[in-house]
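Quick notes on the structure that follows.
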Amino acid sequence: MTGSRPRFDHDRDPVWRSDLTQLQYHVTREAGTEGPNSGIYNMEERDGSYYCICCGHILFTAEMKYHSGCGWPAFHTEHADAGIRRIEDNSHGRRRTEVRCGSCDAHLGHVFNDGPHQFGGERYCINSASMDFVPEGAA
């Protein structure tokens, strides 16, 4: 990574530690990852929207999701209001682009340039542990 974890928030950290699972906290606040094919939203196919697990900020909709075969939920586009931040990540001997929530700086995953060309060619490879899914009509 850039050598930094997501921004520490003194006021919200105790809430995140108590409300999130250990995996959710590790992924979002410590820039961790979940194992491939282990996330609950990897094969999710219902209509609905995906929100940041830490702050509830909109990230993606089901229309943006596709099955890339990467082992994590994949999206070709972010929601217009997401404001997802991109950060250079040179960890593990590779050059990648980390993506973080535009609202609370939670680590979400990475974005790659091997997505569907008809949508711009990007693939957001996102940890299920970083998102909350709300099925259409449930809100």
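All figures in this text were calculated on a predicted structure; none of them were measured in a lab.
A salt bridge links Arg100 with Glu98; the closest basic N to acidic carboxylate O contact falls under 4.0 Å.
Annotation: side chain of Val99 is not in contact with side chain of Arg85 (no heavy-atom distance under 4.5 Å). No side-chain heavy atom of Pro6 sits less than 4.5 Å from a side-chain heavy atom of Thr28. A heavy-atom distance below 4.5 Å is found between the side chains of Thr61 and His79. Annotation: side chain of Lys65 is not in contact with side chain of Glu63 (no heavy-atom distance under 4.5 Å). Residues Ile53 and Met131 form no side-chain contact, since every pair of their non-hydrogen atoms from C-beta on lies 4.5 Å or further apart. Inter-residue side-chain proximity for Asn127 and Tyr41 is flagged as unmet; no heavy-atom pair is nearer than 4.5 Å.
Counting all heavy atoms, side chain and backbone alike, Pro14 lies closest to His10 at CD-O, 3.3 Å. Considering every non-hydrogen atom in both Glu78 and Gly83, the closest pair reads OE2-N, 3.3 Å. For Thr97 against Arg86, the heavy-atom pair with the smallest separation is CG2-CB, 3.6 Å.
Legend: residues meeting side chain to side chain contact (heavy atoms under 4.5 Å, CB included) with Ser68, ordered by chain and number and at least two apart, are Tyr66, Cys70, Ala74, Arg123. Pro36 meets the side chain to side chain contact (heavy atoms under 4.5 Å, CB included) test with Trp72; sequence neighbours excluded.
Both Leu59 and Ile126 are assigned to one and the same hydrophobic cluster, defined by single-linkage of ILVMFWY side chains at heavy-atom distances under 4.5 Å. In the hydrophobic clustering of ILVMFWY residues, with side-chain heavy atoms under 4.5 Å counting as a link, Phe60 and Val134 come out apart. Under a hydrophobic clustering in which Ile, Leu, Val, Met, Phe, Trp and Tyr are joined whenever their side-chain heavy atoms come within less than 4.5 Å, directly or via other members, Phe75 and Ile40 fall into the same cluster.
Residues His67 and Glu45 bring a donor and an acceptor atom of their side chains to less than 3.5 Å of each other. With 3.5 Å as the limit, one finds a donor-acceptor pair spanning the side chains of Asp13 and Tyr25. Asn90 and Glu88 share a side-chain donor-acceptor pair at under 3.5 Å.
The aromatic ring centroids of Tyr124 and Phe112 lie 6.0 Å or more from each other.
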Working for side chain to side chain contact (heavy atoms under 4.5 Å, CB included), residues Cys55 and Cys101: CA-CA 9 Å; Cys55 70; Cys101 176; 3.7 Å; yes
Residue pair Cys54, Leu20: steps toward the side chain to side chain contact (heavy atoms under 4.5 Å, CB included) verdict: CA-CA 8 Å; Cys54 292; Leu20 302 176; 3.8 Å; yes
Test ring-ring contact (aromatic ring centres under 6.0 Å, His included) applied to Tyr51 and Phe133, step by step: CA-CA 6 Å; Tyr51 298 87; Phe133 175 71; 9.0 Å; no
Criterion side chain to side chain contact (heavy atoms under 4.5 Å, CB included) on Asp89 and Arg95, from CA distance to verdict: CA-CA 6 Å; Asp89 176 356; Arg95 185 177 191 163; over 6 Å; no
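For the atom pair OG of Ser128 and CD of Gln24, the computed distance is 10.0 Å after rounding to the nearest 0.5 Å. Between atom NE2 of residue His110 and atom SG of residue Cys125 there is a gap of 8.5 Å, rounded to the nearest 0.5 Å. Rounding to the nearest 0.5 Å places CD of Glu122 at 12.0 Å from NE2 of His117. The CD atom of Glu30 sits 11.0 Å away from atom CZ of Phe8, with the distance rounded to the nearest 0.5 Å. Between atom CD1 of residue Ile58 and atom OG of residue Ser49 there is a gap of 4.0 Å, rounded to the nearest 0.5 Å. Atom SG in Cys104 sits 8.5 Å away from atom CG in Asp9 (nearest 0.5 Å).
For Gln118, the CD atom is densely surrounded, since the number of other residues' heavy atoms within 6.0 Å is greater than 12.
No donor-acceptor distance shorter than 3.5 angstrom exists from the side chain of Asp47 to the backbone of Glu136, with no hydrogens or angles considered.
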